[in-house]
Amino acid sequence: MAWFLFIDESGHDRVASPYEVLAGVAIQDRALRELVGCLHDAEFDAFGRRYSDGHRELKGSVLLKRKVFRHRELNVEFDPADIPALAKAALDDGARADASMLKALAVAKLHYVASVFDICARFDCRAFASIVETDAPRTTDSGLRKDYAYLFERFFYFLEDNNVGEQGIVVFDEVEKSKSHLLIDQMHRYFAQTAVGRRRASRIIPEPFFVHSDMTTGVQIADLVAYVIS
């Protein structure tokens with residue numbers, strides 16, 4: 001038995017967000033398949049289709065950007081039962097979307113976000129986050145960034161306190177290959193060469209997995225959590 005910790009971040013461009021947030025969402029292995037299925041169903045319920053088919057990605061910066069809230073307030077009326085069909089029409093042909101379609105799509109996005117958190121709660125998922133001021137100094141040495149260390153600390157204590165014998169598996173959104181190799185090297189030194197890291201390696205597998213976020217539901221949830229917190 002194991003818990004997957006899907007990790008993503010928000011606000012690290014230090015431009016629009018008030019905080020840098022490194023977030024992790026822990027999902028138990030035996031719940032993962034059913035949870036993913038429920039989230040796919042939630043897409044159909046909200047949008048009348050899979051929103052993430054093709055080039056679109058379910059990112060917090062897209063689902064919750066300011067324009068979505070402006071479109072939600074458009075002065076048009078429609079039957080709430082028509083929202084999925086109108087949202088689907090907007091997704092299928094955005095260039096021809098009218099005010100009703102745009103408002104329905106905005107309502108559908110907000111409904112979907114609420115559904116994500118409801119489903120995660122139903123499957124007993126856990127969220128962790130390191131929150132950093134945007135003017136905080138950067139890590140200057142080759143060691144593991146402190147926000148990662150604190151995130152692993154909280155995940156370790158969660159595994160130790162609540163799940164006898166269960167392991168933690170870390171899953172990152174894939175970035176540039178050189179940066180991924182650097183993170184792997186930093187994690188190896190942390191878990192193998194520091195006393196606190198060696199203790200935490202008793203529960204957390206020290207070598208992470210890297211995946212494409214647009215094809216991995218767990219990372220999309222972590223992105224949404226990071227964006228909302230930021």
Just by modelled atom types, is the Ala90 backbone N or O under 3.5 Å from a matching donor or acceptor in the Arg96 side chain?
no
Gap separating the CD atom of Gln28 from the CZ atom of Arg126, nearest 0.5 angstrom
10.0 Å
Aromatic rings Phe6 and Phe4: how do their planes relate, parallel, tilted or perpendicular, breaks at 30° and 60°?
parallel
Check this for me, if you would: do Glu153 and Arg200 make a salt bridge, where the nitrogen-to-carboxylate-oxygen distance has to be below 4.0 angstrom?
yes
Is there a donor-acceptor pair closer than 3.5 Å between any side-chain N or O of Asp147 and the backbone N or O of Ser130?
no
Linking Ile, Leu, Val, Met, Phe, Trp and Tyr by side-chain heavy atoms under 4.5 Å, what else ends up with Ile83?
Leu74, Val76, Phe78, Leu86, Met101, Leu102, Val107
Please round to the nearest 0.5 Å and tell me the distance separating atom CG of Leu22 and atom CD1 of Ile131.
10.5 Å
For Tyr19, is there any backbone N or O sitting under 3.5 Å from a side-chain donor or acceptor partner on Ser230?
yes
Would you say the side-chain atoms of Thr194 pair up with the backbone N or O of Gly197, donor to acceptor, closer than 3.5 Å?
yes
Quick check against the 3.5 Å criterion: does Asp8 have a side-chain atom that pairs as donor or acceptor with the backbone of Ala226?
no
From SG (Cys125) to CD1 (Ile119), nearest 0.5 Å
10.0 Å
Tell me whether Glu43 is salt-bridged to Arg56, with the criterion being a basic N under 4.0 Å from an acidic carboxylate O.
no
Looking at Gln167 and Ile204, would you say the former's side chain and the latter's main chain have a donor-acceptor pair under 3.5 Å?
no
Classify the ring geometry between Phe152 and Tyr148 as parallel (under 30°), tilted (30 to 60°) or perpendicular (over 60°).
tilted
With under 30° as parallel and over 60° as perpendicular, where do the rings of Trp3 and Phe158 fit, or are they tilted in between?
perpendicular
With the threshold set at 4.0 Å, does a side-chain nitrogen-carboxylate oxygen contact exist between Asp92 and Lys88?
yes
